[in-house]
**Student:** 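Supplied in structure tokens, the structure appears directly below.
Here is how names work: the chains are called A, B, and so on, in the same order as the sequence lines, proteins then strands, and each is numbered from 1.
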Number of protein chains: 2
Amino acid sequence: MTEQDPTRRVPLTRETVLREAVALADESGTAALSMRGLARRLGIEAMSLYHHVANKDAILDGMVDAVFAEVEAPAIDGDWRSAIRARCSSLRHVLVRHPWAVGLLESRTSPGPETLRHHDRVLGCLRRAGFTIAGAGHAYALLDSYVYGFALQENAVPFDPSGQTPEELAALATAIMADFPRDELPSMAEMTAYALRPGYAFADEFEVGLDVVLDGLDAHRATW
Amino acid sequence: MTEQDPTRRVPLTRETVLREAVALADESGTAALSMRGLARRLGIEAMSLYHHVANKDAILDGMVDAVFAEVEAPAIDGDWRSAIRARCSSLRHVLVRHPWAVGLLESRTSPGPETLRHHDRVLGCLRRAGFTIAGAGHAYALLDSYVYGFALQENAVPFDPSGQTPEELAALATAIMADFPRDELPSMAEMTAYALRPGYAFADEFEVGLDVVLDGLDAHRATW
DNA sequence: ACCTGAACACCGTTCAAGT
DNA sequence: ACCTGAACACCGTTCAAGT
């Protein structure tokens, strides 16, 4: 935030505060997101923030809502399966782009307007697809559990396999397997060796699991 | 931690520190888990903790591993489906009993011994059930994504419907629905009304979704 | 209306000093 | 070996004061 004309600076708004809070968390993690640090980034003193948001909790609420605003709503035309697939894929990408978001969901209890709006679009898509209210409840719980949980695990993967050369991956694999108790943990050893091979990427598991979930939902669409 | 004999107190260990850290987070949340607060609970000064753990991060790592130690490993005899079902149910209960745990998973990168051991038992169960390594990878990613995500959502539900009388629930329902933009969010309004009825509990959705996942895995067991 | 300096009650962690 | 007091560089937030 460099300011060209310090005497006539653009007035601070709630939207600017939230946008920079998201950017700061993206770049430096949620631990670096302090009122003082955010203020510094905005070229302002920490106490000025309290004129635009009630407190830090309100910033976290606003950040989660801003994240939901980025998620593609399901298309209203076309088949429900590809519409829901696209929105789940979009949700996952958003949660990986903002790795702090899924951890924040746990503590936020009052959903914002963008969050409510998004939920409404997804539920509407499921209802139009033929799910009963109860069925839409089952489907939504299953779908979002899967996407949230997958993003949680994906963010916890310690390294990015696509960003490494095959040689680096092989070196990492032997390093990890070296002090690995193969006889005590045979299945883990097997899986670790498998997952460290050049062709494997945890991210690819997403589509596999999502297909299983969508197939299951399709089978229950009429019976639920 | 009341001390009967202050002159001959039981020496502090890493295990005691972790046990009390888990208890403190359970009772007061992760925000209340400070080195000073934990020390106070142990009747000690904050700096003494650094003799038993490297730093606060090591405590968080140890807490996550302690949580995994509580999860029931799948049975080795009997069919894989009920074994995996029981372990997923156990994992969910543990994550609800320790609501801070699922939020911590995101930031922990190096799994502890109990965590590795548990993963090994689950993978072994899947391999014995006939899944290939690739298939076990698909299955495990899907299963844990579902359970983690479900626990995440369950912990975020703002109220416990089972702890309320039908009258309280009805009052809450009308209060929420009163300032709800029905025309803007018709599907959300419909679902909210449905979910606030006396018979509904979000927790019940767990078994429904788990069945869909297990059915899907069973269908792919031979083909993956 | 919008911003800020000083202050309060907290943090995690280091380090030298105690027993 | 185990514990601690003082100190450092941080937190979120309040409040009275500035423009």
Side-chain angles (χ1 to χ4, degrees), chain A residues 1-22 24-25 27-64 100 103-104 106-110, chain B residues 1-22 24-25 27-64 100 103-104 106-110:
Chain A
M1 282 300 268
T2 54
E3 198 59 61
Q4 295 91 334
D5 185 357
T7 62
R8 197 119 175 74
R9 52 173 44 166
V10 54
L12 199 59
T13 64
R14 188 188 128 90
E15 282 64 43
T16 315
V17 169
L18 290 181
R19 193 188 340 109
E20 292 301 316
V22 166
L24 180 54
E27 290 167 25
S28 314
T30 188
L33 183 75
S34 66
M35 297 299 272
R36 287 168 157 95
L38 178 57
R40 200 182 311 119
R41 180 184 247 267
L42 287 160
I44 221 175
E45 294 301 316
M47 305 77 206
S48 310
L49 290 168
Y50 288 86
H51 252 267
H52 304 95
V53 291
N55 49 30
K56 191 178 180 182
D57 240 46
I59 293 182
L60 298 178
D61 279 335
M63 289 169 74
V64 168
W100 44 267
L104 235 55
E106 175 209 26
S107 54
R108 306 294 100 194
T109 51
S110 58
Chain B
M1 283 301 267
T2 54
E3 198 60 60
Q4 296 90 335
D5 185 357
T7 62
R8 197 120 175 75
R9 54 171 44 166
V10 54
L12 200 59
T13 64
R14 190 188 126 89
E15 282 63 43
T16 314
V17 169
L18 290 181
R19 192 187 341 111
E20 291 301 317
V22 167
L24 179 55
E27 291 167 24
S28 314
T30 188
L33 183 75
S34 66
M35 297 298 272
R36 287 167 158 94
L38 178 56
R40 200 181 312 120
R41 180 184 248 267
L42 287 160
I44 223 177
E45 294 301 315
M47 306 75 208
S48 309
L49 290 168
Y50 288 86
H51 252 267
H52 303 96
V53 291
N55 49 30
K56 190 178 180 182
D57 240 47
I59 293 182
L60 298 179
D61 279 335
M63 289 169 74
V64 169
W100 43 268
L104 236 55
E106 176 208 26
S107 55
R108 306 296 99 192
T109 51
S110 59

**Student:** Could you tell me whether a side-chain N or O of B/R108 sits under 3.5 Å from a main-chain N or O of B/D57, the two making a donor and an acceptor?
**Tutor:** yes

**Student:** Rounded to the nearest 0.5 Å, what separation is found between the OG1 atom of B/T16 and the CZ atom of B/R19?
**Tutor:** 5.0 Å

**Student:** How close or far is atom P of D/dG5 from atom CE of B/M47, stated in whole angstroms?
**Tutor:** 8 Å

**Student:** Whole angstrom is fine here: how far is it from CG in A/D57 over to C1' in D/dT13?
**Tutor:** 13 Å

**Student:** Ignoring the backbone of A/R36, work out which of C/dA7, C/dT14, C/dC3 is nearest its side chain.
**Tutor:**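 Of the options given, the side chain of A/R36 lies nearest C/dA7.
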
**Student:** For B/H52 and D/dC2, is the shortest distance between a side-chain N/O and OP1 or OP2 below 4.0 Å?
**Tutor:**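 B/H52 to D/dC2 OP1/OP2: no side-chain N or O under 4.0 Å.
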
**Student:** Whole angstroms only, please: what is the NZ-C1' distance between A/K56 and D/dG12?
**Tutor:** 8 Å

**Student:** Quick one: closest heavy-atom pair of A/D61 and A/S110, and the distance?
**Tutor:**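 Residues A/D61 and A/S110, closest heavy atoms: OD2-OG, 4.1 Å.
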
**Student:** Counting heavy atoms from C-beta on, name the nucleotide in D/dT13, C/dG12, D/dC3 closest to the side chain of B/Y50.
**Tutor:** C/dG12

**Student:** Counting just side-chain N and O atoms, does B/S48 come under 4.0 Å of either OP1 or OP2 of D/dT4?
**Tutor:** yes

**Student:** Can you measure A/H51 atom NE2 to D/dC15 atom P for me and round it to whole angstrom units?
**Tutor:**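 Checked: the NE2 to P distance equals 13 Å.
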
**Student:** For the residue pair A/R41 and A/E27, establish whether any side-chain heavy-atom pair is separated by less than 4.5 Å.
**Tutor:**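 A/R41 reaches A/E27 side chain to side chain.
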
**Student:** Between B/H52 (side chain) and B/V17 (backbone), is there a donor-acceptor pair under 3.5 Å?
**Tutor:**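 Not confirmed, B/H52 side chain does not pair with B/V17 backbone.
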
**Student:** Atom CG of B/L38 to atom C1' of C/dT13: distance rounded to whole Å?
**Tutor:**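 Rounded to the whole Å, the gap is 15 Å.
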
**Student:** Could you check whether A/S34 gets within reach of a base, just the sugar-phosphate, or nothing at all, counting any heavy atom under 4.0 Å?
**Tutor:**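 Touches sugar-phosphate only.
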
**Student:** Looking across every strand, which nucleic acid part, if any, lies under 4.0 Å from A/M35 by heavy atom: base, sugar-phosphate, or nothing?
**Tutor:** sugar-phosphate

**Student:** Among D/dG12, C/dT4, D/dC3, find the nucleotide with the atom closest to the side chain of A/I44.
**Tutor:**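 It is C/dT4.
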
**Student:** Calculate the interatomic distance between A/L42 atom CG and C/dT4 atom P; express it in whole Å.
**Tutor:** 11 Å

**Student:** From CG of A/L49 over to P of D/dT14, roughly how many Å is that when rounded to an integer?
**Tutor:** 13 Å

**Student:** Round to a whole Å and report the spacing from CG of B/L33 to P of C/dC10.
**Tutor:** 16 Å

**Student:** Strictly by Watson-Crick or wobble contacts shorter than 3.5 Å, is anything paired with D/dT13, and which nucleotide is it?
**Tutor:**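 Paired with C/dA7.
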
